[in-house]
Amino acid sequence: MMDQETYVTADGRTIGGVLMEMRNISLRFGGVKAITDISFDIREGEIRAIIGPNGAGKSSMLNVISGFYIPQEGEVWYKGAVRPQMRPFEVARQGIARTFQNIALFEGMSVLDNVMTGRLNHMTMGLLSQAIWKGKAEQEEIENREVAEKIIDFLEIQHIRKTPVSRLPYGLKKRVELARALAAQPSLLLLDEPMAGMNVEEKEDMSRFILDVNDEFGTTIALIEHDMGVVMDLSDRVVVMDYGKKIGDGSPDEVRNNQAVIDAYLGVAHD
Amino acid sequence: ELTFPSLSYRTGPYAANGIPFADGYADYFTLLNERDGGIGGEKINLIECETGYNTEKGVECYEATKGSGALLYQPLSTGITYQLIPKATADGIPVHSMGYGRTSAKNGKVFSHIFNYPVNYWDGASVGIKHLLDLNDGDLSGKKVALVYHNSAYGKEPIRTLEELAKKHGYELTLLAVDHPGQEQKSQWLQIRRERPDYVLMWGWGVMNQVAIQEAVNIRFPMENFIGIWWSGSENDVKPAGAGADGYKALAFHNVGSDFPIFDDLKTHVVDKGLAAGAGDQLGTVLYNRGLYAAMLAAEAAKTAQEIHDTSNITAAMMRDGMESLEITEEKMATLGMPNFGPEFTVTCENHGGDGLGAVTQWDANAEKWTLITDFVQSDQDVLQPLIEEDSAAYAAENDIEERCN
Amino acid sequence: MFYREAGDFKTSYPEDGQTFPIKLDRFGFFAVLFIGFAVIPFVINDYWVNSVFLPFLIYAIAAIGLNILVGYCGQVSLGTGGFMAVGAYACYKFMTGLDIWIGGVQYALPPINIFLSVILAGLVTAFVGVLFGLPSLRIKGFYLAVATLAAQFFLVWLFNKWAWAYNYSASGQISAPERSIFGMNVTGANADPWVAYLFCLVFLAGLAFMARNLTRGSMGRKWMAIRDMDIAAEIIGVDPLKAKLSAFAVSSFFIGISGALFFSVYLGAVEVGEVFGINKSFLVLFMVIIGGLGSIFGAFAGAAFLVLLPVFLKNTLVGGLGWPTDLAAHLEFMIVGGLIITFLVLEPHGLAQLWRIIKEKLRLWPFPH
Amino acid sequence: MPEQLLWGMEVFMNGLMAGVLYALVALGFVLIFKASGIFNFSQGVMALFAALTLVGIMEGRVPFSHLINAVFGTSVHHFGWNVPAFAAILLTMVVMVALAWMVNRFIFRHLVGQEPIILFMATIGLAYFLEGFGDIMWGSDIKKLDVGLPQGINGFIDEITFNLLGYGFFIDNLDLWATFIAVLLVIALVMFAQYSKHGRAMRAVADDHQAALSVGINLNFIWVMVWSLAGFVALVAGIMWGTKSGVQFSLSLIALKALPVLMLGGFTSIPGAIVGGLIIGVGEKLFEFIVGPMVGGATENWFAYVLALIFLVFRPQGLFGEKIIERV
Amino acid sequence: MLDAGETAQETLLEVNNIEVIYNHVILVLKGVSLKVPKGGITALLGGNGAGKTTTLKAVSNLLHSERGEVTKGSISYRGERVQDLTPNDLVQKGVIQVMEGRHCFEHLTVEENLLTGAYTRQDGKGAIDADLNMVYDYFPRLKERRRSQAGYTSGGEQQMIALGRALMSRPETILLDEPSMGLAPQLVEQIFGIVKSLNEEEGYTFLLAEQNTNVALRFAHYGYILESGRVVMDGVASDLRENPDVKEFYLGMSDEGRKSFRDVRSYRRRKRWLS
Ligand SMILES: Nc1ncnc2c1ncn2[C@@H]1O[C@H](COP(=O)(O)OP(=O)(O)OP(=O)(O)O)[C@@H](O)[C@H]1O
Ligand SMILES: Nc1ncnc2c1ncn2[C@@H]1O[C@H](COP(=O)(O)OP(=O)(O)OP(=O)(O)O)[C@@H](O)[C@H]1O
Ligand SMILES: [Mg+2]
Ligand SMILES: [Mg+2]
């Protein structure tokens, strides 16, 4: 079932084999069926969108991927093997980073510190050497700081580097969250509505960032978004969910013309 | 000028007890100033410092006052006393912990600057048992005695003594600890109700006393078989239980009530002049009398010191000498207007704790007053003395102290 | 205007990450260090040491420790008093020669040097702290705060009952015997005030340095992440077990040391229920909050404030105005309570934040926006 | 029946009764927590203050007499009249409402939207303040409180159980009364919080101050109302405990007995306070009865907390508390 | 109710040159003035951090709890100064805000959340129930979830709750902060449809802050554009829609029509009206 066949997209990116595969996932909360028997895969290097009406179970799906929700049924395959049940932080250490729909930044810390938390899994110094600081710990800190600063540069948030996150407007917070996730240098990046609450200009910026990340670092991206323009333009393949069920899966064009998708979600055929 | 700091606690959980003591202590010195112009012609300077019964504040008070020529400290809390034992000794200032503090400080050979005359807790335990012996024609064998105690260093003090005495007199001892603050004692009193001890002794403090007495009333424990230590025997402890507390007993090392000539003097020279400490409404209460008594002993020691050193302006070191040579006799007390106010005793270099004379008082709920129902009787020195030797020796060893008085 | 930071550029990350990035601050810091180590020891007397400096230094250590747990890691603890007691009793056992019974045989260590005793006491407390920190994995917020009271009450009860802990002394109190370092008495009644002062200052300086380093590095970020949003922290890769327990360990280490110093250097004799009761827990928590959660400077400010304020009030009300002591003490309660409220209303994030805002204002002064 | 078992049963029943008394204090905490997310540490001191005020009014004491005397050199203590208990309780309630108003006006109005720990700290500040204030106002002597509640062993139960089992159970009359009152209180409060408009608004405020403001809930009104209710509960608790041990400073420490109850029952649940109280009461009494003698007794203080802790490990929000919502 | 372009209406809400400072030091609004005519839909547009939310909060007096304050200028409603009123007074006067970022009462059920919206109403249970049904008609999804705690609903569902809750108070003026955020496209249309119908049929006045300029300008009558705390442009919605800058930066249209998000190459360009 693992198909490792790779191909090259129209704009010259290489899409690899299957990186992650969800098999027959079902998730219930008491009586609420958030996800019912959904399967789909994410291939290496692609931008995979998940769309669907409100309450369809998209965020829940991301939570399953990042190990926060444990599905009652189904398996998660990652890098060619079934992922055993593990705690979310272990999932993160396997190279999966994400952003959240309701921003989950560390409000009490500065932007820089928030981005640096993304580097935590790359920092290994023990308690004692950190307490003494001089030497190895400082060295490690600086190396990671350099990575973080690069990402801060990349996302153009240098000017707010030292600002406490709680003072930022909504849109910038989203960007900082992206920076934090990128700082982890993940192999799979999950984005939950990264562009909610942005105007077109900002969405353009954000799109650019996402494309560049995908391009430059080869990061695989799974993304939830309600702006159809963005989804259709950016993604290689789209999964459509409704009421916890999968109602469509395919290239943007296929999805766009799928009657079930139009009925459940788009309302009108999107240009 | 003679400086006496008063480390009082008019606030905090034990304020109700601290206030009358502090008032009595202060009023006595005011009386001396007003009536006699001080001690030996030297005016007394009383510095009150509020500790709130808190050890750290006690330290602060000590440090703040010791520089001003303080002659004597009455720490009024076991915790503060323990702080001050080494500190005051090093600073050469005597400490008088009257009816509390470290019992083995009685051994003057080890504790040069600490005095705890006229009695200590172990004396208290022994006097209590003596009273029970009296009630039972000298035989306690087969009787059950329960000790309800505050679960702290203070509360645990009598245990050792009571255990020794149990061996000697053959009674059975039950120990019932009550955790601070002691608002809930159902468990302890249900156990008493079940096991029906013949007598209950109590080492309680603060709200624990009131609750214990109330619970005893509730389970209809015969109050005359219930004896508290002197810190569990003030008006504060019995009044909340109302009529039920009638007959409750408590130990004492000084007399009660205001039926002494000195109270007339206090009235004319202090209260009527508006010089009374606090609200001036505590005269004659048990703890007021205790403060009065403590001040009297301090003043007498100062007088003795003035005589020994032949100067009116004594120093702390001289004060210490005076305390070590203090002699309280009935005549002395009578001339002071306090006949039979406390036991007679003498302090010596070896013995800083007096002769261990205590008495029993009883509460009359109708008249709302305490009365002394026994004479001052001596504790069982045969049992206590070895314990004191043992404990003080341990302290001496731990702190490299050489024995004095030899 | 007065407070300048413009023109103070950083060209490397170590420079940018230093504790006092602004020259003026750095200068002030060294001045304070100099005064603390080289001036004060020569001018202080018993009163200042015992009433002001020792409690300040020792409480500052405790406040830094608690701040790590509450301010940085977000785990509210009301067990500080109990943990200080562990430090105090451990220190007592080490300095008087720890005795252990193994298989009916008693082995006794010789008394250990006071400096080491204090550090070992800190380590023992760290261990106990981790034990009581375990529930924090399940229990959060105020539930945890109340749960830590279990530690508070249990530990105090234990040290009251466990005769081994107080070397079977008749009264159940522990008293610090005389101990010295470099031939100078640190504990006991004959300790010179300046020696005791320096002894505590060295601990404070060392620990503050460590706390600062821990909190600015990856450890500190883990803690803060857990504090701000524990779920998100876990999802981005923070192991909550390790993060919380390490915070408990480090914090308890600090608190244990402060307990050890509190007992051995400051008070000299301790009765556990009274000295390390729940009020102590609250007092230290106050310091942390008044000073500012998540700020080392705040811990200092809070400790200074709450040590000095009562002394100051007492001296003015009783000494200066001649009020009766009890009225003064009651008023003190009201004033301390009132001030706590006032500060919180003025600036909920504590003195540290107040100071930050003043700086920001100074920067603008005298021209408003 | 073996004696041990009978005793155990007696301990059990008394544990239940003690638990009710704890629950009375815990109720006040729950109310305020439910209505504002404030963990009101001053609840114990409020009970003390209420009881002090009640006694003060009943005995016709002059408030602040000590201060007045110290400043003006006068000697006033009593007005010389006595107020009947019922009227005094009403007057005390007025004072508690005034207190609630001031608490809101001077403290919490300024702390809207702050983190819970800050609010918690403010209540500790308030506790300090009230402690000093209560003492200055009414003096720190121990006062006897008697509003006519009976105390002591209930003869009826004693007799019945003696006839049935051969061992008369000890049940305190005061405890019976406390139980009765507590049950009434809980029923009334549950109705109020769960089914009234203000009750709903109150829970909304606890969730999100800002949003509550935005839908037009009058925070000031809600808070004054809730603090008044809590003041009333404090008064009831103060009467019960004050009758037991006299009115004095230590009364404020009963808060510490209420905390494990609260934790076990859940901070937000009114019935939880009662159930928690019962479990804690029985648990600590039985533990002291069975295990206490082996470890030297006085275990109740910490055991209550440990017991609550054990429950919490399995249910982190307490038995009846609202589930802690964990979502991202 | 209002035709685009019509301005001769009674001004309901007037914000006059206000300045807002957070935390005593952070100056956020630097003199914002705007007018909201009765019965109109006025849109407040602008990028992230422009100050839209702050403006709305200044009006509804919610700044206080965020440690912000209006230091200059005035705000009046029906010609009456409202700066010193409590938010609750304002709701009683008929002004209610739907806050950005949902802000539901997590522990209350969906239905209870909606009912809190009716807190200030005095017109009886019947009327409230009727409105509840109206909200459920608008958002059937909420009806399905009415018994679950709001904390467990999805982001979009929470947004519906927030909106529905505001409707429950039967206000005269609604301040809407980013109503479309996180909603599925057809729901966005639907919500604006609701806004429009409430406006036209019931005469509600709206002031809405919105990032989705496209939709906002389609439904609004008048628009203000904020940039870093200042109003940089205002005008009738239809005019704004035709403005080339607005077109490019806010509507994402260039001369050639809509650009693909893939083709945007540079991140940041300067706005012409600022240079
Ligand atoms: N922890 C939970 N407990 C109970 N119900 C839940 C929980 N998490 C999600 N749900 C429910 O599951 C459904 C799917 O939620 P989810 O957040 O995945 O939706 P979504 O597709 O992300 O919607 P939106 O676009 O509005 O964010 C919703 O109805 C939600 O109420
Ligand atoms: N509580 C606060 N403390 C300090 N600064 C704040 C605070 N809230 C907002 N700000 C600042 O005020 C400015 C305006 O923020 P505001 O939230 O009003 O923007 P907005 O236009 O609503 O943006 P968005 O579209 O992203 O929601 C921002 O620069 C932000 O940094
Ligand atoms: Mg979602
Ligand atoms: Mg906004």
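Hydrogens, waters and symmetry mates are skipped; everything else that's a heavy atom, side chains included, is used.
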*Nearest heavy-atom neighbours spanning C:Ala189 and B:Pro86*: CB-O, 3.0 Å

*asked:* Show the nearest heavy-atom pair for residues C:Ala269 and B:Tyr82, with the distance to one decimal.
replied: CB-O, 3.6 Å

*asked:* Quick check against the 3.5 Å criterion: does B:Lys156 have a side-chain atom that pairs as donor or acceptor with the backbone of C:Asn160?
replied: yes

_Interchain contact, C:Tyr166 with chain B, by part (heavy-atom threshold 4.5 Å)_ = side chain

*Of all the heavy-atom pairs spanning C:Asp326 and B:Arg10, show the shortest one and how long it is.*
CB-CB, 3.1 Å

_If you apply the rule side-chain contact (heavy atoms from CB on, under 4.5 Å), what do you find for C:Lys314 with B:Lys57, and how did you get there?_
CA-CA 11 Å; C:Lys314 189 168 142 179; B:Lys57 285 208 183 135; 5.6 Å; no

*Looking at CD1 of C:Ile278 and NE2 of B:His180, how far apart are the two atoms once the value is rounded to the nearest 0.5 Å?*
10.0 Å

*Report yes or no: does C:Glu271 contribute a side-chain atom to a donor-acceptor pair with the main-chain N or O of B:Ala153 at less than 3.5 Å?*
yes

_B:Glu48 side-chain N/O to C:Thr325 backbone N/O, donor-acceptor pair under 3.5 Å_ = no

_NE2 on C:His330 to CD on B:Glu50, rounded to 0.5 Å_ = 7.5 Å

*Evaluate the side-chain contact (heavy atoms from CB on, under 4.5 Å) criterion for residues B:Lys66 and C:Asp46: first the C-alpha distance (whole Å), next the side-chain angles of each, then the deciding distance (0.1 Å), finally the verdict.*
CA-CA 10 Å; B:Lys66 82 173 183 198; C:Asp46 264 4; 2.4 Å; yes

*Audit row: B:Thr78, C:Gln173, side-chain contact (heavy atoms from CB on, under 4.5 Å) steps and yes/no*: CA-CA 10 Å; B:Thr78 305; C:Gln173 302 228 357; 3.6 Å; yes

*For C:Asn50 and B:Glu63, work out which heavy atoms get closest and say how close.*
ND2-OE2, 2.6 Å

